[in-house]
Every structure is written in structure tokens, then in C-alpha cells.
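Accompanying notes for the structure given below.
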Amino acid sequence: MPTLAAMSRKKIEKKYANTNVDTDKLHKEIFNEFMKLLDKKIFEAKDMLLERFNHICSQSPESAKFMYENHTMSGYHEDEGIISALKHGTIVIGQIGMSETLYILFGYDHTTEKGMEYAKKIEQLFLDRTSEFKKEYKLNFGVYYTPAENLCYTSFNKFRKAFPEYDLNGVTYFMKNGKKKYKKYFTNSIHVPVYHECDPFQKIDIESQLTGYSNAGCITYVELPSISFNNIDGVEKIVDYAMEHDIPYFALNFPLNRCAKCGEPIYDSELTKCPRCGHNEIIRLGRVTGYLSTTVENFNKGKQDEFNDRVKHIKH
């Protein structure tokens, strides 16, 4: 989505070059252009998904014996072919970079009240179109809030090369301690940016306003500075709050590290040396794009950068 936002902004800014145009009018035209382009891309995504679905359905069952030998998918009827089983799966259109998209369009994102209004309009378009596709093709089209394992990095690099003029706060960098901190990733789906300072309840309040637009998968998580062995009541309070606010998939992230030398568990994210042997090489176990990774360094540079930029939503 950030790329579509930049294309739209560039087109409208060119239209009004060397003229005095009201900012509100300019923003309105840029947003309308963005929504038209996004709508076009959603239809293109639908066509690509149908092409992929039909190709898979044309294959012999022998090409994926695991699926039926282990009863992974049911509903197969020989006279109808593979489509009889596959039609019950989901066909989803994903997205990344809501925060950066809004910063490109308006200079603020959905952590603000005005930005949230536009975010909801964008998500309503996704939901409306996939609902129409579902009805037309009798297939389970849906909206997916993409974790973007590799795309967060590759699409960000392509964006920077294509639109060097949009080196913007909230897009290519953010402010940290009064200085620019350049980043290497686009934010997952509709998530609050990982560097945004807020408490767990504020993060849930923001993201829960958009989770209802995703009918094919999403996640909300909060970052804790250490494992909460001695504060189970506090953990339950956060989980209950998430459930009460329509969060369908919720996670608590906390350090589960260990010393590379002696294997000592290290549950405090602030520790950079082993409390037992003093060794400073720590193997970090963290949730990256929904998966627990034994070492964050196995992921691409964008995900590593995102992981390192994360703020704790509860302070020590």
C-alpha cells in the first residue's frame, strides 16, 4: 500500500505543481486517487488468485498425496475433482504498511483519530470487494493482515529506489531521542508501528478498531520486558482486555533468551551478559512475523531491524 500511496501523491502533486492549492483539497484528491488505484489492484489480485486456484485444481491428486493420505483436506468427490476439496479453503488478499501509507498521504497515521477514519475507509474497501468476490465466485475470499516475512524488507527497498523524494518521518525513518532513526521495513498490516510508545491497552484500543475488517487472519501482540512469573493477574488483565475488544488472535511477547556458552535461561530483555558466567553472547528467542525464532539473525535485515526497534509496552 505505501507504493500505491506514493504513486497517487506524485500524480496529484504534479497536477497542482506551481499552484497554490488548499491542503485539505490536495489531501482529498490524493486520497481519492489512492482509493481508485487500490481498488484496481484489489481486482488484479483477485484475478491472480483465481488463476492460481484454477491451476492448483488442475493438478493430479498425486502431486500432493500428503493432503489426502493424512486427511488434511476433506470433501473430495471423484466426479468433481480436486476443486471439490479446495473450494473450502480461503483465498485471501493481504496488505502491509497501513501506517506508512497514511503518513505518505496525510503526514499522520492511524494512531491519531483522523488517521483512523481513513484507515477504516481503506479496510472497508478491502472487505466490500472480497465479500463481492465471495458471492460471485462461491469461494472463500477474505482480507488478510499480512505479517510480511520478506516483503516488508524487499518492498521497502524497492520503494526507496522508486520514490527517493518521499524520505519522510513515519515512512523511511522515525524520530528517536530527537534524532532520525532510519529503518529498513514497512510495518506489518494495520499494526501500530513497533517504535510507537504506548501501553498494552492503548495498542489494543487502536488495533481492535480494525481487526473486524479482517475475516481471514490477523494478530495483535504486546511486548513485555520480561516473563511475568510473578504477575499472573497482570497478564490476565491484558488478555481479558484484548478479548473484550474483539482481538481474535492475541499474543504476549517476552524474552526467552539463553546464554550461548553455559545455556543459562535469561528472561530479562535488558540483560546483555549472562548472570551466571558473564558471557556476552546471548541467543535470543523472539516472535518474528508470528513465529518463534531461535535466533532473530536468521531473518532478513528488515525483520532484524524491526525486531530491534520494538519498544516495550510495559516498562520495568
Short side-chain donor-acceptor distance under 3.5 Å, Y145 and E123:
yes
Self-check item: Side-chain donor-acceptor contact under 3.5 Å, D268 with S226
Solution: no
State which residues pass side-chain hydrogen bond (donor to acceptor under 3.5 Å, both in side chains) with [X]; sequence neighbours excluded, sorted by chain then number.
X	result
K41	E44
E33	K11
D39	R129
N308	R284

Nearest non-hydrogen partners of [X] and [Y], listed with the distance:
X	Y	value
S214	G217	OG-O, 2.9 Å
N169	Y103	O-CD2, 3.4 Å
T101	P2	OG1-N, 3.1 Å
P255	S269	CG-N, 3.5 Å
C152	K303	SG-CE, 3.5 Å
D109	T112	O-OG1, 2.7 Å

Less than 4.5 Å apart, any side-chain heavy atom of [X] and any of [Y]?
X	Y	answer
T3	K158	no
T272	I282	no
V21	E29	no
L139	K87	yes
V171	Y166	no
M175	K180	yes
I93	Y144	no
V239	L252	yes

Quiz item: According to a 4.5 Å side-chain heavy-atom criterion applied to Ile, Leu, Val, Met, Phe, Trp and Tyr, with indirect links allowed, do V92 and I42 form part of one hydrophobic cluster?
Solution: no
*Using the rule that two of Ile, Leu, Val, Met, Phe, Trp, Tyr join whenever any of their side-chain heavy atoms come within less than 4.5 Å, decide whether L37 and M48 are in one cluster.*
no
**Request:** For E244, look at atom CD and say whether over 12 heavy atoms of other residues, nucleotides or ligands are found less than 6.0 Å away.
**Result:** yes
- prompt: For atom CG of D47, is the number of surrounding heavy atoms from other residues, nucleotides or ligands below 6.0 Å larger than 12?
  reply: yes
So, does [X] use its side chain to make a donor-acceptor pair with the main chain of [Y] at under 3.5 Å?
X	Y	result
E80	Y76	no
H110	I190	yes
Q304	F299	yes
T211	D246	yes
S84	H77	yes
N140	G89	yes
S60	E62	yes
D305	K301	no
N188	H191	no
T146	Q95	yes

Interatomic distance, [X] atom [atom1] to [Y] atom [atom2] [nearest 0.5 angstrom]:
X	Y	atom1	atom2	result
F141	N215	CZ	CG	12.0 Å
L38	L125	CG	CG	5.0 Å
S8	E13	OG	CD	11.0 Å
N231	D233	CG	CG	7.0 Å
R9	I104	CZ	CD1	8.0 Å
D167	Y173	CG	OH	6.0 Å

Listed by chain and number, what are the salt bridge (charged side-chain N to carboxylate O under 4.0 Å, His left out) partners of [X], not counting sequence neighbours?
X	value
K25	none
K121	none
K10	E165
E51	none

Residue pairs meeting side chain to side chain donor-acceptor pair (under 3.5 Å), one or both in residues 252-266, sequence neighbours left out, come to E223-N253, N253-R287, E264-R276
Run Y249 and T220 through side chain to side chain contact (heavy atoms under 4.5 Å, CB included) and show every step you take. CA-CA 6 Å; Y249 181 4; T220 287; over 6 Å; no
Across all chains, not counting sequence neighbours, the ring-ring contact (aromatic ring centres under 6.0 Å, His included) partners of F201 are Y241
Does the pair I83 and F53 meet the rule for a side chain to side chain contact (heavy atoms under 4.5 Å, CB included), with working shown? CA-CA 9 Å; I83 192 174; F53 176 77; 3.8 Å; yes
Any Lys/Arg nitrogen of K183 or E100 sitting under 4.0 Å from an Asp/Glu carboxylate oxygen of the other? yes
Original post:
Does the distance from a Lys or Arg side-chain N to an Asp or Glu carboxylate O, for D309 and K181, drop under 4.0 Å?
Top reply: yes
Besides V194, the hydrophobic cluster formed by Ile, Leu, Val, Met, Phe, Trp and Tyr side chains linked at under 4.5 Å, directly or via other members, contains F174, Y185, Y195, Y221
Report task. Applying side chain to side chain contact (heavy atoms under 4.5 Å, CB included), run through H196 and V311 and close with a yes or a no. Result -> CA-CA 7 Å; H196 181 75; V311 299; 5.9 Å; no
Check the pair E117 / K114 against salt bridge (Lys or Arg N to Asp or Glu O under 4.0 Å), numbers first and verdict last. CA-CA 5 Å; E117 291 180 19; K114 191 64 177 177; 3.6 Å; yes
Residue pairs meeting ring-ring contact (aromatic ring centres under 6.0 Å, His included), one or both in residues 23-48, sequence neighbours left out, come to H27-F106, F31-F106, F31-Y118, F43-F133
> Relative to each other, are the rings of F159 and F163 parallel, tilted or perpendicular (30° and 60° limits)?
Replying inline: tilted
